[in-house]
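A short write-up of the structure that comes next.
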Amino acid sequence: MATTTADIAAVSPVSVPSRRASAGLWSDAWYRLKKDRLTMASIAVLVLLILLSAAAPLFEEHVFKFKFAQQDLLGAYAKPQLEKPEYLLGSDEIGRSQVVRLLYGGQISLLVGFLAAFIQLTIGVSLGLIAGYKRGLVDDAITFFITVLNSIPTLFLLLIITALFSPGPLTLIVILGLIGWTGITLFVRGQTFALREREFVTAARTVGASGSRIMLKHILPNVLPFIFILAAIDVGGIILVESALSYLGIGILPPTPSWGNMLSNAAGYFNLAWWLVVSPGVMIFLTVLCLYLIGDGLRDALDPRLRGAS
Amino acid sequence: MKQQSRTLRLLVALLGTLALVATACGPTGPTGGGTAAPDEKPVAGGRLIEGSFSDIKTMNPMLVADVPSSTVTGKIYDTLFSADPKNGELKPNLGKWTISSDSLTYNWEIDPKANWSDGKPVTGEDYLTALKLVALSKLTVRKSNFQDIEGWKDFVDAKATTISGVKVDSTDPKKFSVKFAKVFCPALVNAFGSSAGPMPTHVFGKYTAAGQADAIDKAPENTAPTVASGPYVFKEWRKGDQVILTKNASYFKGAPLIDEYVYKIVADATVLAAQLKTGELNYGTVEPKDLADMEAQQNLKVFKYQALSYTYIGWNVKSTTAPALQDKRVRQALAYGLDMDAVVKSILFGQGTKMVAHHPPASWAAPGAGLNQYPYDKAKAEDLLKTAGYTKGADGVYAKEGKPIEFSIVANSGNKTRETLLQVATEQYKAIGVKVNPKLEAFETMVDKLTTGNQEIQGWIIGWSLGLEPDPYGIWHSTQIPNPAAKTTGFNFGAFTNADFDKAIETGRSGNCSQAERKKNYETFNKILNEEQPYMFGFSPNTLLVTPQNLRAIDPGTFSATWNLEKWWFKQ
Amino acid sequence: MRTYVIRRLLYAIPTLVAIATITFLITRLAPGDPIRLFTFGATDLTREDIEALRAAHGLDKSLPEQFALYIVNAAQLKFGNSILYHKDAMSLVLERLPNTLTLAVTALVLQLVIGVPLGVLAAVNRGKWIDNAVRFFGVIGHAVPAFWFGLMLIIIFSVTLRWLPSQGVLTVGKDVWDIGDRLKHLIMPAFVLALAGIANYSRYLRTETLDVIRQDYIRTAEAKGLASKTVFMVHALRNALIPVVTALGGVLAFLISGALVIEQVFTWPGVGQFTYAAARQKDYPVITAGVMLGGMLLVLSYLIRDIAYAVVDPRIKVK
């Protein structure tokens, strides 16, 4: 889940010669992005998934007319069918609608993913800027702390913390956010190192701008586009971790549906209803795939030194 | 009261324990005891592979505190007495005993044929060694079992070099006597049961020598026993994977017919059921949801018998945040308002019995007829609520002085049966005008809150797994109520108490120890519980034991499934 | 060079101390009490017994006292007795280390043996269908949730086809040295663990190889008349592998972490599964031993990686 710096190591904030008259980094990037059909498709699918999940109550009310906690012991293990719309993707061992629960599960998984990623980014960017700009003792301390954290297998740490503390969903988001900002910090730190030697930073310093002003107004905007790449990959990673935790029984606990705990539930009786194992996994896979593709696409758009492009 | 099992996911605590239970009433499984046809001749050979969700922790009886360890250790070290599988009556095993007229001295004589697997005889000295090891160990939880033996305290405090209350006969080393300082009815089970099976002095004696202190806790023989008094000898422990035992050819009841016994770790109930079908496992308990599948297999047979455990909904009868629970009539209404028969039918697929008091039907201490069975009766439930002074509000919930009957019930996640029971209870109580907030928590968190008397808990679903000894002191006596202020813990989570109640428990454990007399006290005890309903006593499940069709001589009962393990054989 | 190694080793010590401290804090600050959990349901125990047991594990002392004892013992790699197993915690964890290492090393080998050639192959055949196939796989291989993939493999290969066992290390009755049986048990978990890495390496190698192809010195080599194949083998791969070496350190971290979930899915008796079970049951000594072992392995692997990196690419000047 911690983004490997190897992933984005070579990306640098240099504007690139392009085949048309350069209009600046952002519009160049946007132009390339628009042409990248795969990435645009991924964005579309992701937006669709978000909308579907957000609209889960509406679907529950009007389309499927079946609440997510509603049981029907007689309709248990129903196969995916069209006759009963609420059993579009089948039903679980107490007759709950798989499709409605998937939509609600999406709410949880996406929410956890985005919120935790936001926390990670906030911490990571701040610490990275500070470490990169201030250098010296502050940098040493932060780097040491990062080394320590990186030396504990992340999932190990997460598993132990969640197993010991049995956190609720909000606490879980905070815990996920507090672990795994290290990759972002290292990257931002590296970028800040390079940027602080540039003329515009020296100029600002001469004029007497304060450290925080320089960091926020001059360095951060240059690093920001690449933060988005990190963010996309990050959210994907967190969704994978959250579903793994829920699968193990320590992330989101039932009856709150999460794609992870729906999977672990279904694994208990796949001999009776194997299709229930497929749908939550596909949802996780699709969401993460879109996020990774978006991250890739953004990277290609922002640094067209043709990393893997045509 | 035996240790609660601690398997990880899909806890099969109710069903999966091969806890020792007997069927007091009713016949056992469909194919009877797997008895061979009269002309079938037993043949030796084969391997019994038992499935489990959790690895063993130790093979020293005094350190055993979980079901897997107990299952495997029990095959290596035999105990002095054994229990009749069907009714739990104590019978001689390694030894036979008589009790003195003042009930304070037990005279034992070990079976002359009883030997260790290396040929040395099992003697009274071996029993004394076992006791000394318990006294010296710092990690055992069994010390209190022996505290009433004369001379115990002195030995534990290192003021004496032996336990004066245990005397081995100088002329016949197989005879020994044990004197207790006071009458304590559970002593027979506690002091001579599985935690006190004789331990080989020629192997463990060195740990009881002076100056050894707690060296026994680090003994390698704890995880690699070298000799056995039981039907199987330890061979190998592949950590996290399987434990392998081979037959003890010099077992005093006759060499076992099955060559090897393997205890195999599997992930969860689904995998276990799947492996029973493929034959990778040939001995295991399944959950009710797999029963139909197992019974449909031609090559398998299923034994169904009552388990000595029950799952219940407990009430915090002193709760200030849910004062309705303090009223007996409300609790009775809650008993009438839950259709437990329907629950047993749908969740357990019929494999269980409704409970209305503490001792499950299989136990000899179980109440006789005459108890209120609390049949499902919505009208009666609502009547009781009205009598208690509650009136139904516009929202359908009964309330008194503006306070509705509302409380939370918490169950541990990962246990499908309890989760479903929670949901059903919520729905059904809603129908009688009681608002329930269902909560799921991790087992560890729940245990914590319960044992410390955390007043957040108003209602909870959990189970008790009972042992041979029916003494309910630890669960029901007033001294066992956890007190958060005094930071004491205990198992009487609901804080139910009653003077007659305490007295019945106390007399039952330290009065006249004959089964008939004790039973009288437990009648009173159960009557009070039945009337006061500090728990909604839930159900006692059946154990569903699955083996292949060709396993002969197996005859499991509530109190023991493996009492005749050495006679089992596979028909080829 | 030597000073670099020594400096790195010295740096590792405070790292390990910090890890030990963090683990201690996490376990002790977590709510609940292991002894209470352990003795739940044992209604024949007296309070004195339980308190005596707590004292035997040192849990009755104050937190600072416990920490002082803990650090002194941790320095000698002694983490106390497991509350459940009544044996030294670190020895229990070490007993299971070979299993995890087998899994991790096999996964690593699979990653390199499958991922690297795939990447090179894709780069060499740029634009053709094989390139697209590898790129496609490279992307989705990351996004698949490992535990779900493992579950699907079990459903297909163990339950439906009955080709492979679904869990454990050895079949009952098989000898410990039965390599064939061991491999049958190893192949699925190792492959699931290796999946993300295969995807990673194939993309990586593809990019690096493409990069290298365009370098001038390759064109010079071609001009010199060396066969194209040899050119690639000798020059391209060597340079492309530099980043692979860097990534190896992080890979071990990922493998040990990821192995935990795989070990759960396949009931593989490794360190991860053991430590996790200990965490569920609040067996503090085992938790700390397991995390410290993981930490030590990682610190060691980062050290090896950094040294290897310095050796392989002498242009990298150490700070």
Side-chain angles (χ1 to χ4, degrees), chain B residues 1-6 8 47 49 54-55 57-58 60 63 65-66 138-145 147 186 190 214 217-218 222-223 238-242 244 260 262 264-267 271 274 278 280 442 444-445 447-448 451-452 464-465 467 469 471-475 480 488-491, chain C residues 30-50 52-53 55-57 81-88 92 95-96 99 154 158-159 162 165-173 176 185 263-270 273-274 276-277 279-283:
Chain B
M1 317 296 182
K2 287 268 168 30
Q3 183 71 24
Q4 187 83 323
S5 145
R6 270 188 318 280
L8 296 178
R47 186 185 279 121
I49 311 171
S54 179
D55 197 10
K57 309 289 189 288
T58 179
N60 183 329
L63 294 175
D66 61 307
K138 291 239 169 10
L139 297 178
T140 179
V141 287
R142 299 278 156 225
K143 285 205 165 82
S144 37
N145 284 3
Q147 60 189 11
N190 288 353
D214 59 338
D217 287 333
K218 299 191 190 48
N222 291 345
T223 50
R238 297 182 193 161
K239 303 280 168 32
D241 192 23
Q242 47 190 284
I244 305 174
E260 235 181 43
V262 176
K264 184 156 166 44
I265 321 297
V266 296
V271 177
T278 61
E280 284 166 83
E444 301 79 16
T445 320
V447 162
D448 218 61
T451 48
T452 50
W464 287 121
S465 190
E469 176 44 57
D471 174 30
Y473 184 84
I475 299 179
Q480 302 301 309
T488 52
T489 58
F491 293 125
Chain C
D33 178 75
I35 305 291
R36 237 183 281 134
L37 191 59
F38 175 59
T39 55
F40 182 73
T43 52
D44 52 346
L45 297 185
T46 58
R47 287 205 186 98
E48 293 80 44
D49 269 352
I50 298 181
L53 192 58
H57 286 284
N81 283 326
S82 158
I83 294 172
L84 295 173
Y85 288 78
H86 315 293
K87 271 183 69 172
D88 179 56
L92 286 171
E95 271 171 3
R96 285 152 177 84
N99 284 328
I154 292 179
S158 300
V159 180
R162 303 261 179 100
S166 65
Q167 44 102 77
V169 180
L170 274 175
T171 316
V172 171
V176 183
H185 285 263
E263 284 177 12
Q264 282 291 116
V265 176
F266 288 91
T267 322
W268 188 265
Q273 188 234 36
F274 188 58
Y276 170 62
R280 290 305 292 263
Q281 296 167 87
K282 301 200 199 299
D283 192 353

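Within every chain, numbering begins at 1; the chains are lettered A, B, ... in the order of the sequence lines, protein sequences first and strands thereafter. Note that the structure is a prediction, hence the values are computed from the model and not measured.
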Answer yes or no: is there an ion pair linking Lys57(B) with Asp283(C), defined by an N-O contact shorter than 4.0 Å?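 Salt bridge between Lys57(B) and Asp283(C), a charged N being under 4.0 Å from a carboxylate O: no.
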
Can you tell whether the side chains of Glu444(B) and Arg280(C) come within less than 4.0 Å, N to carboxylate O?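 Salt bridge: yes.
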
For [X], is it the side chain, the backbone, both, or neither that has a heavy atom closer than 4.5 Å to a heavy atom of chain C?
{"X": "Asn60(B)", "answer": "neither"}
{"X": "Val271(B)", "answer": "side chain"}
{"X": "Glu260(B)", "answer": "neither"}
{"X": "Lys264(B)", "answer": "side chain"}
{"X": "Ile49(B)", "answer": "side chain"}
{"X": "Thr445(B)", "answer": "neither"}

Euclidean distance, [Y] [atom2] relative to [X] [atom1], rounded to 0.5 Å:
{"X": "Thr489(B)", "Y": "Ile50(C)", "atom1": "OG1", "atom2": "CD1", "value": "5.5 Å"}
{"X": "Lys239(B)", "Y": "Asn99(C)", "atom1": "NZ", "atom2": "CG", "value": "11.0 Å"}
{"X": "His86(C)", "Y": "Thr140(B)", "atom1": "NE2", "atom2": "OG1", "value": "7.5 Å"}
{"X": "Trp268(C)", "Y": "Asp241(B)", "atom1": "CH2", "atom2": "CG", "value": "9.0 Å"}
{"X": "Ser158(C)", "Y": "Glu280(B)", "atom1": "OG", "atom2": "CD", "value": "8.5 Å"}
{"X": "Asp55(B)", "Y": "Gln273(C)", "atom1": "CG", "atom2": "CD", "value": "8.5 Å"}

Relative to chain B, which of Lys282(C), His57(C), Glu95(C), Lys87(C) shows the most heavy atom pairs under 4.5 Å?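 Heavy-atom pairs under 4.5 Å are most numerous for Glu95(C).
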
Val172(C), Ile83(C), Val169(C): which one forms the most heavy-atom pairs within less than 4.5 Å of chain B?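 Counting heavy-atom pairs under 4.5 Å, the top option is Val172(C).
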
Looking at chain C, which one of [options] has the largest number of heavy-atom pairs inside 4.5 Å, strictly under?
{"options": "Gln147(B), Gln480(B), Arg47(B), Lys218(B)", "value": "Arg47(B)"}
{"options": "Asn190(B), Thr223(B), Val266(B)", "value": "Val266(B)"}
{"options": "Thr58(B), Asn222(B), Val447(B)", "value": "Val447(B)"}

Minimum-distance pair of heavy atoms, taken over all atoms of Lys138(B) and Ala56(C):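 Result for this residue pair: O-CB, 3.5 Å.
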
Show your working on side chain to side chain contact (heavy atoms under 4.5 Å, CB included) between Leu139(B) and Asn81(C) and close with a plain yes or no. CA-CA 10 Å; Leu139(B) 297 178; Asn81(C) 283 326; 4.2 Å; yes

Quick one: list whatever passes salt bridge (charged side-chain N to carboxylate O under 4.0 Å, His left out) with Asp49(C), sequence neighbours left out.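 Counting only residues at least two positions away or on another chain, Asp49(C) forms no salt bridge (charged side-chain N to carboxylate O under 4.0 Å, His left out).
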
Beyond-backbone contact of Thr452(B) with Arg36(C), side-chain heavy atoms, under 4.5 angstrom: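 Yes, at least one pair of side-chain atoms sits under 4.5 Å.
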
Structural part of Leu170(C) lying under 4.5 Å from a heavy atom of chain B: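 The answer is both parts of Leu170(C).
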
Return the orientation label for the Phe40(C) and Phe491(B) ring planes: parallel under 30°, perpendicular over 60°, tilted otherwise.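 Aromatic pair Phe40(C)/Phe491(B) classed perpendicular.
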
